[in-house]
There are 2 protein chains.
Amino acid sequence: MDPITRRKYDSRARVIKAMGHGTRLFLVDELSRGERCVCELQELVGADMSTISKHLAVLREAGIVRDEKRGNQVFYSLRCPCVLNFFACVESVMQTSATQAVELAR
Amino acid sequence: MDPITRRKYDSRARVIKAMGHGTRLFLVDELSRGERCVCELQELVGADMSTISKHLAVLREAGIVRDEKRGNQVFYSLRCPCVLNFFACVESVMQTSATQAVELAR
DNA sequence: GAAGTATTTGGCTATATTGCCAAGTGGCCA
DNA sequence: TGGCCACTTGGCAATATAGCCAAATACTTC
């Protein structure tokens, strides 16, 4: 694989990788219902606020979410709602795996 | 987040995470054009065969690809082609980021 | 300006991932 | 059986990631 191609796939992978974490996937799912401030998200996840902030930074740097400061709060929202399409596909991957596991067990 | 919910998002994330690597993304893209044996993929990527094999194992364990041994070769193919939909979304995320970067620079 | 709230950043340790080499496995053919 | 080929597995070192605490920043309100 030549360096140009490699870079192309690496940069695409960076976006996907940003979604590849349980907490961040949850954050994306929650943001699909509308913008949320960090403290609301922290409440929902139940981790340290610094942890949530760092996860949100990963999503922001990947271009998946946008942040907007209002007063002393920061509101996050989805920038590309198409990432929600991942969920359906993931479900079908897991479904297929489960189905095959059952069939193998017979 | 309660343990059940956490597990749900963690297992979904595992599938997405499997795609979150440049080489694996390339493998998926290549497999979208049809089944390939490990040595063909190795040729294309240009890494050690053991490295390719391990990447394929990650994709297989995530349920994204299937392997089939024929003779002394192992052929891999996509099990859930819906993962290809990720590409279009990733492009649009990167497009949006790039657009915004340009606008901020003005 | 001081104090309070919301968030980010720095720094650290624990853990996970990556990629190579070497060794093991299984099928094919002489 | 012996050797070869395709592939997987084990093991290791380098690097990246996760999550906590503490400290810094930013905004608001008094």
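Order of the sequence lines fixes the chain letters, A, B, ..., with proteins taken first and strands second; residue numbering starts at 1 for each chain.
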If I take atom [atom1] in residue [X] and atom [atom2] in nucleotide [N], what distance separates them, rounded to the nearest angstrom?
X     : N      : atom1 : atom2 : value
B:H21 : C:dA16 : NE2   : C1'   : 13 Å
A:F75 : C:dT8  : CZ    : P     : 12 Å
B:D48 : C:dA23 : CG    : C1'   : 13 Å
B:Q73 : C:dT25 : CD    : C1'   : 16 Å
B:L59 : C:dT17 : CG    : C1'   : 14 Å
A:E35 : C:dA6  : CD    : P     : 16 Å
A:N72 : C:dA3  : CG    : P     : 18 Å
B:R70 : C:dG26 : CZ    : C1'   : 17 Å

> DNA chain C: B:V58 or B:S50, which has the more 5' nearest nucleotide?
Replying inline: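 By nearest-heavy-atom nucleotide position, the 5'-most residue is B:V58.
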
> Given that A:T51 and A:K17 both sit by DNA chain C, which one's nearest nucleotide is further toward the 5' end?
Replying inline: A:T51

> Which listed nucleotide (C:dT17, C:dT8, C:dC20) is nearest to the side chain of A:M49?
Replying inline: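 Selected nucleotide: C:dT8.
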
>> For DNA chain C, please output the secondary structure as dot-bracket, reading 5' to 3'. Pairs are Watson-Crick or G-U wobble, both atom distances under 3.5 Å; mark crossing pairs with [ ], other-strand partners with |, unpaired with a dot.
In response: ||||||||||||||||||||||||||||||

Hey, are [X] and [Y] close enough for a salt bridge, meaning a charged N less than 4.0 Å from a carboxylate O?
X     : Y     : result
A:E35 : A:R70 : yes
A:R66 : A:E68 : no
A:R14 : A:D10 : no

Can you tell me if the side-chain N/O atoms of [X] get under 4.0 Å from OP1 or OP2 in [N]?
X     : N      : answer
A:S53 : C:dT8  : yes
B:R24 : C:dT18 : yes
A:Y76 : C:dA6  : no
B:H55 : C:dG19 : yes

>> What range of DNA chain D does chain A touch, first nucleotide to last, counting atoms under 4.0 Å from its heavy atoms?
In response: D:dT17 to D:dT28

> For DNA chain D, whose closest nucleotide is more 5', that of B:I52 or that of A:T23?
Replying inline: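 Per heavy-atom nearest nucleotide, the more 5' residue is B:I52.
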
> Between A:E40 (side chain) and A:C37 (backbone), is there a donor-acceptor pair under 3.5 Å?
Replying inline: yes

>> side chain to side chain contact (heavy atoms under 4.5 Å, CB included), that's the test. Do B:Y76 and B:R36 meet it? Break it down for me.
In response: CA-CA 6 Å; B:Y76 281 85; B:R36 297 280 186 274; 5.9 Å; no

> So what does A:K54 hit on the nucleic acid, given a heavy-atom distance under 4.0 Å: a base, only sugar-phosphate, or nothing?
Replying inline: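 Touches a base.
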
> Between B:I16 and A:F86, is any pair of side-chain heavy atoms under 4.5 Å apart?
Replying inline: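 With C-beta onward as the side chain, the pair touches.
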
> Got a sec: does the CD of B:E91 have more than 12 other heavy atoms crowding it under 6.0 Å?
Replying inline: yes

